Amino acid sequence: MFQRPRFPLSVAIVALLLIGPLAGRAAAAERPDDVYAVTLPVDVTAESAAEARRQALADGQSRSFRRLLERLTVVEDWWRLPEVPPGDLSFYLRDLAVANEKTSDVRYLADLTVRYRPPETRDLLRAHGIPFAETVSKPVLVLPVHGAGLGAVLWDEPNPWRAAWLRLPPPDGLVPMISPLGDLLDITGVTARDARDGRIEALRAMADRYGASDVVVAVADLGSADGGSTARIAVTRHGSDSWMTKSFVEIARAQPDETAATFLDRL
């Protein structure tokens, strides 16, 4: 059985704040097919190119189906998602396409796009009692504030917390998270204090500028305790539903000899 994983705080906390809009919203009607399409790279080395290709396609289908189930559900339910044996995946498969193929005598590389059948996939999740959603939401704008009090920064450099968010890969879920450009309009529109104190008018204007539904303010305050580095992460979601707020706080500890940048990347 798939074990309950540990997630980066920056992903897990935001996901927890967004459970409300997603959980239990199982659609009754067919949704756009692209929600059920997953594209990923495959790279396998085997005894021959033909065997490498066979293994790559099988592995790609297993990984893509898992990624699809994670896309449709919330993070806190991932640990109980069903494990479908490779031989049973054809029941859920609609079609697949291969692009950018490269082969050698023993290696196979390609980009694999797999599309799955919505009704069968929905039935699988319903059978396990796992809520799901199929509609891509408007993006969520993330404002990473570093530090506390008068030393808090949002746009000023250095802001290693914002840099860590900018290094995150694009999310694959139904709730896109975006980072602001940090241009003059952003800098004059919202200050670190505006974000930290939840000044609704400024945050609403930023959300409107980026076409976002919600604004998530993630404040990282680095400190030390018992000889080690710690981070207090305070995340507040300012929601579009009458701009109600919801907050979450987590404390993390750096690993021995971990740099500040690596620590923040891990959060």
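The figures that follow rest on heavy atoms only: side chains count, while hydrogens, waters and symmetry mates do not. Just so we're clear, the structure is a prediction, and the values are computed from it rather than from any experiment.
- Around atom CD of Glu47, no more than 12 heavy atoms belonging to other residues, nucleotides or ligands sit under 6.0 Å away.
- Listed here is the closest heavy atom pair of Gly147 and Ala152: O-CB, 3.8 Å.
- Separating the CG atom in Asp197 from the OG1 atom in Thr236 is a distance of 10.5 Å, to the nearest 0.5 Å.
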Let's go through Arg63 and Val42 carefully: what are the C-alpha distance in whole Å and the side-chain angles of both, what is the deciding distance for side chain to side chain contact (heavy atoms under 4.5 Å, CB included) to 0.1 Å, and is it a yes or a no? CA-CA 10 Å; Arg63 289 193 294 120; Val42 293; 3.7 Å; yes
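- In this structure, Pro82 and Ile130 approach most closely via the heavy-atom pair CD-CD1, 4.1 Å.
- Between Leu112 and Thr39, the closest side-chain pair of non-hydrogen atoms is not below 4.5 Å.
- In this structure, the side chains of Asp221 and Ile233 stay at 4.5 Å or more apart for every pair of heavy atoms.
- Between Leu96 and Gln61, the shortest heavy-atom contact is CD2-NE2, 3.8 Å.
- Under a hydrophobic-cluster definition in which Ile, Leu, Val, Met, Phe, Trp and Tyr are linked whenever side-chain heavy atoms come within less than 4.5 Å, directly or via other members, Leu166 and Val217 are assigned to different clusters.
- Taking CD of Glu101 as the reference point, atom OG1 of Thr103 lies at 7.5 Å (rounded to 0.5 Å).
- The CZ atom of Arg196 sits 8.5 Å away from atom OG1 of Thr191, with the distance rounded to the nearest 0.5 Å.
- Note on Leu93 and Phe65: same hydrophobic cluster, where clusters join Ile, Leu, Val, Met, Phe, Trp and Tyr whose side-chain heavy atoms are under 4.5 Å apart, directly or indirectly.
- Taking Tyr108 as the reference, nothing meets the ring-ring contact (aromatic ring centres under 6.0 Å, His included) condition, with sequence neighbours excluded.
- In this structure, the side chain of Asp208 does not engage the main chain of Ala205 through any donor-acceptor pair within 3.5 Å.
- With rounding to the nearest 0.5 angstrom, the CG atom of Asp214 is 4.5 Å from the CZ atom of Arg237.
- Looking at heavy atoms from C-beta onward, Arg199 lies in side-chain contact with Arg193 at the 4.5 angstrom threshold.
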For a side chain to side chain contact (heavy atoms under 4.5 Å, CB included) check, start with the C-alpha distance between Arg71 and Phe132, then their side-chain angles and the critical distance, and finish with the verdict. CA-CA 9 Å; Arg71 174 187 294 172; Phe132 63 94; over 6 Å; no
With side chain to side chain contact (heavy atoms under 4.5 Å, CB included) as the test, would you mind laying out the steps for His128 and Leu124 before giving the verdict? CA-CA 7 Å; His128 287 80; Leu124 176 67; 3.8 Å; yes
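- The hydrophobic cluster containing Met206 also contains Leu181, counting ILVMFWY residues as joined when their side-chain heavy atoms lie under 4.5 angstrom apart, directly or transitively.
- Cluster membership for Leu81 and Val84, using ILVMFWY side-chain heavy atoms within less than 4.5 angstrom, is shared.
- Side chain of Asn159 to main chain of Trp161: a donor-acceptor pair is present (N/O by atom type, distance under 3.5 Å, no hydrogens or angles).
- Taken to the nearest 0.5 Å, the CG atom of Asn100 stands 4.5 Å off from the CG atom of Asp111.
- Contact annotation: the side chain of Leu109 never approaches that of Pro41 to less than 4.5 Å [non-hydrogen atoms, C-beta and beyond].
- With hydrogens and angles disregarded, no donor-acceptor distance shorter than 3.5 Å links the side chain of Arg162 to the backbone of Pro144.
- Of the listed residues (Arg94, Arg115, Glu134), just one forms a side chain to side chain donor-acceptor pair (under 3.5 Å) with Tyr36, and that residue is Glu134.
- For the pair Ala46 and Gln55, the tightest heavy-atom approach, listed with the atom from each and the gap, is CB-NE2, 3.9 Å.
- Nearest heavy-atom pair, Leu141 versus Ser179, reported as atom, atom and distance to 0.1 Å: CD1-C, 4.2 Å.
- Side-chain heavy atoms closer than 4.5 Å link hydrophobic residues (I, L, V, M, F, W, Y) into clusters, and following such links, even through other members, never connects Leu143 to Val153.
- Counting heavy atoms from C-beta on, the side chains of Arg204 and His238 never come closer than 4.5 Å.
- For the atom pair Thr121 OG1 and Tyr116 OH, the distance stands at 8.5 Å (nearest 0.5 Å).
- Minimum heavy-atom separation, Gly189 to Ala202: O-CB, 3.7 Å.
- Residues Val35 and Leu72 form a side-chain contact, since some pair of their non-hydrogen atoms from C-beta on lies under 4.5 Å apart.
- Under the 3.5 Å distance criterion, the side-chain polar atoms of Trp78 are matched with a main-chain donor or acceptor of Glu70.
- Side-chain N/O atoms of Asp59 and Ser62 include no donor and acceptor closer than 3.5 Å.
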Working note: Val190 + Leu154, criterion side chain to side chain contact (heavy atoms under 4.5 Å, CB included); need CA distance, chi angles, decisive distance, verdict. CA-CA 9 Å; Val190 174; Leu154 174 56; 4.2 Å; yes
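- In this structure, Trp165 contributes its side chain and Ala218 its backbone to no donor-acceptor pair below 3.5 Å.
- Using a 4.5 Å heavy-atom cutoff, the side chains of Thr113 and Val38 are not in contact.
- Under the 4.5 Å side-chain criterion, counting only non-hydrogen atoms from C-beta, Phe91 is not in contact with Arg117.
- Summarising the local packing, CG of Asp95 is surrounded by more than 12 heavy atoms from other residues, nucleotides or ligands at distances under 6.0 Å.
- A side-chain donor from one of Tyr210 and Asp186 sits under 3.5 Å from a side-chain acceptor of the other.
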